[in-house]
Protein chains: 2
Amino acid sequence: MDVGAVMGKLRGGGFKATPQRWEVVRAIAAEQHQSMEEIRARCPGVGMVTVYRTLELLSGLGLIRRLDLGGGPRWELAEDHHHHLVCESCGDVTEFDLCPLDPGLLDLSDHGFEARSHSVEVYGRCSVCQ
Amino acid sequence: MDVGAVMGKLRGGGFKATPQRWEVVRAIAAEQHQSMEEIRARCPGVGMVTVYRTLELLSGLGLIRRLDLGGGPRWELAEDHHHHLVCESCGDVTEFDLCPLDPGLLDLSDHGFEARSHSVEVYGRCSVCQ
DNA sequence: GAGCAAATGAAAACATTTTTCAATTACGAG
DNA sequence: CTCGTAATTGAAAAATGTTTTCATTTGCTC
């Protein structure tokens, strides 16, 4: 989902498309799993309070997602699924594309749960830290 | 891994097995993905600072893991893998046992990454909220 | 038991996030 | 296009959550 689509969904939800929100969404879209600090650095013109409020608004609408992989919260556009490699030594987070989930094994009918998306985190040691 | 084993690893790492640490570890082992508040309620005799320090120590040793599934950090014993259903409506977190990961699909050789454990979070709506 | 480094806890410091509230602004109605 | 209005913004203050400091206490080794 691109920046325009996110803003469209915002307006569709009855929220205003302010310049500040454009900036914040553009900042988030620029790179996955950024910290608050990184996002703020990409929005020099937007007040801190507004960044906080926009992140909360967007995640409430399911458009972005908050992660905690160690070292404070991080944010990313909510895709259907995403897969992270988290190094337990240096804290580095990278992504891998191939989804290792076997749909046949994901049977949630017992729980009556309606799945919308998922995430997989693999913990271990990155090539540098080994 | 049970409480005794965790304390044993602590001592193996050169750390003291204090009564406070026993209490905190017992509290964490009592239930998965508890909040700070819940853990503290199970350790009435342990000061807040010590709880914080013990959580940091244990997670640094890889014995417990910090999660953020929305609504603040949660903690649990670090098993090899664990699988959560997170309701995006009410925030409820439950577990499911069957691992939906296909080992054949989890090929990290390209990344040179050495996997130690993993977690899978499935986001959606629980049976109550549907 | 004695010695000592490690651990504890209360208070203070620090960091992060949220609330308050007056001023500003997007956007639909006319 | 202009107006009116409710939503939004931002600075400061408040609230919340976490970490540091430091004097005291306590496991653990010899």
Side-chain angles (χ1 to χ4, degrees), chain A residues 3-28 33-61 63-76 91, chain B residues 3-28 33-61 63-76 91:
Chain A
V3 175
V6 171
M7 294 307 290
K9 292 215 171 184
L10 252 194
R11 301 195 55 175
F15 300 96
K16 292 182 179 173
T18 66
Q20 289 93 338
R21 284 175 178 164
W22 275 97
E23 271 208 61
V24 173
V25 172
R26 247 185 261 115
I28 297 170
H33 46 77
Q34 292 180 84
S35 66
M36 182 69 190
E37 212 173 31
E38 291 168 314
I39 293 170
R40 283 244 287 148
R42 293 185 197 267
C43 307
V46 183
M48 179 186 58
V49 185
T50 299
V51 176
Y52 274 108
R53 278 192 285 227
T54 305
L55 292 176
E56 196 198 335
L57 175 65
L58 293 171
S59 67
L61 292 171
L63 299 172
I64 66 174
R65 179 165 303 135
R66 177 192 168 132
L67 308 167
D68 190 344
L69 309 170
R74 291 164 176 276
W75 302 86
E76 61 176 31
Chain B
V3 175
V6 171
M7 294 306 289
K9 291 216 173 184
L10 252 194
R11 301 195 56 176
F15 300 97
K16 293 181 180 173
T18 67
Q20 290 91 341
R21 285 176 178 163
W22 275 96
E23 270 208 61
V24 173
V25 172
R26 248 186 260 115
I28 297 170
H33 46 78
Q34 292 180 84
S35 66
M36 182 69 190
E37 213 172 31
E38 293 169 311
I39 293 170
R40 283 244 286 148
R42 293 184 197 267
C43 307
V46 183
M48 177 184 61
V49 185
T50 299
V51 176
Y52 274 108
R53 278 193 283 226
T54 304
L55 292 176
E56 195 197 335
L57 174 64
L58 293 171
S59 70
L61 292 172
L63 299 172
I64 66 175
R65 180 165 300 135
R66 177 193 169 132
L67 307 168
D68 191 344
L69 309 171
R74 290 162 176 275
W75 301 85
E76 61 176 31

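Values in this document were obtained by computation on a predicted structure and should not be read as measured data. Here is how names work: the chains are called A, B, and so on, in the same order as the sequence lines, proteins then strands, and each is numbered from 1.
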Undergrad: Report which part of the nucleic acid R53(B) touches: base, sugar-phosphate, or nothing (heavy-atom distance under 4.0 Å, all strands).
TA: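 It contacts base atoms.
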
Undergrad: Could you give the CZ-to-P distance, from R74(B) to dG17(D), as a whole number of Å?
TA: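 Distance check: R74(B) CZ to dG17(D) P gives 13 Å.
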
Undergrad: Would you find a donor on one side and an acceptor on the other, under 3.5 Å apart, between the side chain of E56(B) and the backbone of R53(B)?
TA: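 Judged by distance alone, no pair lies under 3.5 Å.
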
Undergrad: To the nearest angstrom, how far is Y52(A) atom OH from dG17(D) atom C1'?
TA: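 Those two atoms, OH and C1', are 12 Å apart.
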
Undergrad: Heavy atoms from C-beta onward define the side chain here; which of dT8(D), dG10(D), dT18(D) lies closest to that of P73(B)?
TA: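 The answer is dT18(D), which lies nearest to the side chain.
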
Undergrad: Nearest whole Å is fine: how far is dG17(D) P from W75(B) CH2?
TA: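 Rounded to the whole Å, the gap is 15 Å.
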
Undergrad: How do V49(B) and Q20(B) order along DNA chain C: which one's closest nucleotide is nearer the 5' end?
TA: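 Nearest nucleotide further toward 5': that of Q20(B).
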
Undergrad: Ignoring backbone atoms, establish whether T50(B) has a side-chain N or O less than 4.0 Å from OP1 or OP2 of dG9(C).
TA: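 It does, given that an N or O in the side chain of T50(B) lies less than 4.0 Å from OP1 or OP2 of dG9(C).
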
Undergrad: To the nearest angstrom, how far is E56(B) atom CD from dT18(D) atom C1'?
TA: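 Rounded to whole Å, this separation is 10 Å.
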
Undergrad: Grab the CZ-P distance between F15(A) and dT8(D) for me, whole Å please.
TA: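 For the pair F15(A) CZ and dT8(D) P, the rounded distance is 7 Å.
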
Undergrad: Main chain of V51(B), side chain of R40(B): is a donor-acceptor contact present, judged purely on distance under 3.5 Å?
TA: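 No, the answer is negative, given that no donor and acceptor are paired below the 3.5 Å cut-off.
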
Undergrad: On the nucleotide dT8(C), are OP1 or OP2 found under 4.0 Å from the side-chain N or O atoms that T18(B) carries?
TA: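 Result: yes.
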
Undergrad: Under 4.0 Å from OP1 or OP2 of dG27(D): is there any side-chain N or O of R21(B) that close?
TA: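 No, because none of the side-chain N or O atoms of R21(B) sits under 4.0 Å from OP1 or OP2 of dG27(D).
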
Undergrad: For a side-chain contact (heavy atoms from CB on, under 4.5 Å) check, start with the C-alpha distance between L55(A) and I28(A), then their side-chain angles and the critical distance, and finish with the verdict.
TA: CA-CA 9 Å; L55(A) 292 176; I28(A) 297 170; 3.5 Å; yes

Undergrad: Quick one: closest heavy-atom pair of R11(B) and A17(B), and the distance?
TA: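 Heavy atoms of R11(B) and A17(B) come nearest at CD-CB, 3.6 Å.
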
Undergrad: With no hydrogens and no angle check, is any side-chain donor or acceptor of Q34(A) less than 3.5 Å from a backbone partner on A27(A)?
TA: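 Checking the backbone N and O of A27(A) against the side chain of Q34(A), a donor-acceptor pair under 3.5 Å is found.
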
Undergrad: Can you measure R40(B) atom CZ to dT16(D) atom C1' for me and round it to whole angstrom units?
TA: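 It works out to 13 Å between those atoms.
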
Undergrad: dC27(C), dA26(C), dT19(C): which one has an atom nearest the side-chain heavy atoms of P19(A)?
TA: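 Among dC27(C), dA26(C), dT19(C), the one nearest the side chain of P19(A) is dA26(C).
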
Undergrad: When you measure from the side chain of K16(B), which nucleotide among dG27(D), dT17(C), dA7(D) comes out closest?
TA: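 The listed nucleotide nearest to K16(B)'s side chain is dG27(D).
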
Undergrad: Would you mind reading off the distance between M48(A) atom CE and dA15(C) atom P, rounded to a whole angstrom?
TA: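 Value for this atom pair: 13 Å.
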
Undergrad: Please give, in whole Å, the distance from dG27(D) P to R11(B) CZ?
TA: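 Going from R11(B) (CZ) to dG27(D) (P), I get 11 Å.
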
